[in-house]
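Proteins get letters first, then strands, A, B, ... in listed order; numbering begins at 1 in each.
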Amino acid sequence: MNRLTKLLEAALFAAPRPLSVTELLVLEPEAAPDEIRAALRELELHYDEGGHGVQLVELADGFQLLTRPELAEAIAEAHLVDRPRKLSAAALETLAIVAYRQPVGRGEIEEIRGVVADGVVRLLVDRSLIEVVGRSDTLGRPLLYGTTAAFLELLGLKSIDELPRLDELSVALTPLAPLGAFEEG
Amino acid sequence: MNRLTKLLEAALFAAPRPLSVTELLVLEPEAAPDEIRAALRELELHYDEGGHGVQLVELADGFQLLTRPELAEAIAEAHLVDRPRKLSAAALETLAIVAYRQPVGRGEIEEIRGVVADGVVRLLVDRSLIEVVGRSDTLGRPLLYGTTAAFLELLGLKSIDELPRLDELSVALTPLAPLGAFEEG
Amino acid sequence: MTAPPVTPTNDQAFIVRLDEFSGPLDLLLTLIREQEINIADIPIAQVADQFVAAIGALGLNQAADYLEMAARLLRIKIQMLLPRPIDDEDWEDPRAELVRRLLEYEQIREVVDWLAGRARARADRFARGWLPDPPEQPPRPITLDLDQLSRAVEDVIAGMPQPTQHRVVPRPLDVEGATRRISDLLARRERFELHELFGERPTMADVISVLLAILELARMGRLRVAQDEPFGTIGVSRESPDQAA
């Protein structure tokens, strides 16, 4: 590959969208549009003839390097794009609070944990571990969350009453103190 | 290229981060890890010897296709891709401390840096460069932080072992100091 | 990361801004490096004065971290001045802790340079810019058991701020706040003792702020500071009763 082809390859690889010949010209202002087209042709041939997993595709708004469609399924099935997730410490703690204090609003969760919780709450809802079970009567009528059937299933419990009632835990997670006291913590 | 190499190439193209041999194995569960490694080697050679603008790089416990550094200037100048923003001195100092002393709490970071560090710790967590890895057993059970795969990616390191050993640094050569504090950490 | 010079070349204020330093240790290390001082044998009196002068020029009011370091340096300076027996083998150099911290910090700075170099090199390589949408697949099943959940509950409880160990540490007093506190007291009383200005458990920053505020008010002619005998109580009184009323 000559320098121009190499440069085009790198730019097409790194760009977040298809690039037109005009845009590619900016890389090498001295080159003529025909030289760009010739280099693109070379790149296309290279990827087609070498039996690559990738190809150069001309789309309406320019050129782009794309994986070959016949491999798409294998890659999708391998879950490679999505990093596998276990529940983080934050998610577990939030889940524990919902389990023991349901129905509970986000504000209360945040007061107990001392950190903002909307991301974690959304994640738990997405994973069907908690769900909206109503609205509070307090100011702003915040959503209240509870655990789901899927949550019980995961733990092998028939009902929420089967959660371990460790005295200490239930006391500490019972709304006793005015929670405002925690605000500065 | 054989089918496996082709598949790996496509997967590396489609992934937003480095992929480990273990993760690549999912693509072809029948293959042995050595076959994966051999295919990666073939891919690496292909990109190196064909004079490509892209190359296979080993980093963060995995492999990733990246553009060649000598082309960065031309691509950035053409405004086709933005370079990542530089980290501040405060962020780098905090990263350095976390990298060498993990798991480490905010208090220890603040002690070493001599400044309050909650803002910068939050920033690094938001950017996924550090993460909570546990809680200390000491009073107040402060959160402990460690570096992430994204940290290795940011620096292009294969693993945390590639960081310079502290006794290789010039400061450690100063005969005066019992810098034992580092070893304990 | 190269900081501008901070050492005074003449009587003028230093032309340097606080945010150019990542903290008091950075500023201190810059002072030391600039003058090629041996870190193991810091002329603490000189460096302490320079440090105080530097942060004075930098705007003290926002900088509790810097105030604390200034206080620490001044204390070491005083400790170095105290007489000690010639052959006292138990004598510990008051500078030792500071030297240890400076070396530790210098080592971190060396690591920072290395990290910054690696980050720059990595930034010269671009990953693929366009990525396909993640495939529509059900998320992987989550593993969760009661043991995990119980441990999470324990973590929640342990992490809960206890009302009893509420943040008893108030924000450090800054010079502005100290000035206000002194003015209030002066308005009410013609004379009081210095220690009345400190709270129950003053931090280093509180003490420094009060001292600086006293000196500033004395310079402005608002009050007078007097100590009747060596090591005696220090009295603060209104300079002009009319003015303070």
Side-chain angles (χ1 to χ4, degrees), chain B residues 12-17 54-55 57 59 64-73 75-76 80-81 83-84 86-90 92-93 95-97 99-100 111-116 135 139-141 143 153-157 162-164 166 169-172 174-179 181-182, chain C residues 1 3 19-29 38-41 63-66 68-69 72 96 99-132 134-135 154-155 157-162 165:
Chain B
L12 290 165
F13 248 80
R17 58 185 170 86
V54 175
Q55 66 186 148
V57 178
L59 81 164
Q64 190 171 21
L65 286 165
L66 298 173
T67 59
R68 289 185 180 273
E70 64 267 27
L71 304 172
E73 212 54 53
I75 296 171
L80 296 175
V81 184
R83 279 220 174 94
K86 276 194 212 152
L87 287 170
S88 68
L92 282 169
E93 283 180 17
L95 274 181
I97 293 167
Y100 279 90
E111 208 180 288
I112 297 174
R113 292 194 49 226
V115 290
V116 173
R135 272 204 153 111
L139 184 72
R141 305 202 62 212
L143 297 174
E153 281 176 50
L154 177 83
L155 301 173
L157 299 177
E162 281 193 327
L163 289 172
L166 286 179
L169 300 177
S170 60
V171 173
T174 314
L176 187 148
L179 278 168
F182 267 100
Chain C
M1 224 148 304
D19 55 14
E20 285 171 295
F21 295 93
S22 62
L25 286 165
D26 189 11
L27 173 57
L28 189 57
L29 205 55
N38 176 6
I39 209 164
D41 189 22
D65 301 325
Y66 289 82
E68 201 202 337
M69 176 59 73
R72 198 183 294 274
V99 170
R100 187 194 66 75
R101 284 189 67 189
L102 276 171
L103 284 172
E104 186 176 73
Y105 182 71
E106 206 177 9
Q107 201 173 38
I108 289 297
R109 290 301 296 264
E110 208 173 324
V111 172
V112 163
D113 290 344
W114 189 87
L115 292 180
R118 289 297 303 224
R120 262 197 309 277
R122 173 63 186 80
D124 277 343
R125 297 168 166 280
F126 299 115
R128 193 180 187 212
W130 180 85
L131 292 165
E154 281 167 22
D155 281 341
I157 293 166
M160 265 184 352
Q162 302 294 316
Q165 55 188 61

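For Leu155(B), the parts lying under 4.5 angstrom from a heavy atom of chain C are both the backbone and the side chain. For chain C, no part of Val54(B) is nearby; none of its heavy atoms comes within less than 4.5 Å. Proximity to chain B (any heavy atom under 4.5 Å) is restricted, for Arg101(C), to the side chain, taken from C-beta onward. Heavy-atom distances place no part of Glu73(B) under 4.5 Å from chain C, backbone and side chain included. Only the backbone of Arg68(B) comes within less than 4.5 Å of a heavy atom of chain C; no side-chain atom from C-beta onward does.
Within the model, atoms CD of Glu93(B) and CG of Leu115(C) stand 11.0 Å from one another, a figure rounded to the nearest 0.5 Å. Of the inter-residue distances, the one linking Leu65(B) atom CG with Arg125(C) atom CZ reads 11.0 Å to the nearest 0.5 angstrom. To the nearest 0.5 Å, the span separating CD1 on Ile97(B) from CD on Gln107(C) amounts to 11.0 Å.
The residue among Ala96(C), Ala119(C), Ala121(C) with the most heavy atom pairs within less than 4.5 Å of chain B is Ala119(C). Between chain C and the residues Ala90(B), Ala72(B), Pro84(B), the largest count of heavy-atom pairs under 4.5 Å involves Ala72(B). For the set Leu59(B), Leu71(B), Leu12(B), Thr67(B), the entry with the most heavy-atom pairs within less than 4.5 Å of chain C is Thr67(B).
Shown here for Gly114(B) and Leu25(C), the closest heavy-atom pair between the two residues is N-CD1, 4.0 Å. In plain terms, the two heavy atoms of Leu66(B) and Ala127(C) that are nearest each other are CD2-CA, 3.5 Å. Nearest approach of Pro24(C) to Val115(B), heavy atoms of both residues: CD-CG1, 3.4 Å. The two atoms that bring Phe13(B) and Leu131(C) nearest to each other are O-CD2, 4.0 Å, heavy atoms only. Closest heavy-atom contact between Ala123(C) and Arg83(B): O-NE, 3.6 Å.
Not one N or O on the side chain of Arg122(C) forms a donor-acceptor pair closer than 3.5 Å with the backbone of Gly156(B).
Side-chain contact between Val111(C) and Leu166(B) is present, with at least one heavy-atom pair separated by less than 4.5 Å. Taking the side chain as every heavy atom from C-beta outward, Leu163(B) and Trp114(C) approach each other to under 4.5 Å. By the 4.5 Å heavy-atom criterion applied to side chains, Arg118(C) and Leu157(B) are counted as neighbours. Looking only at side-chain heavy atoms (C-beta outward), Asp124(C) and Glu70(B) stay at 4.5 Å or farther from each other.
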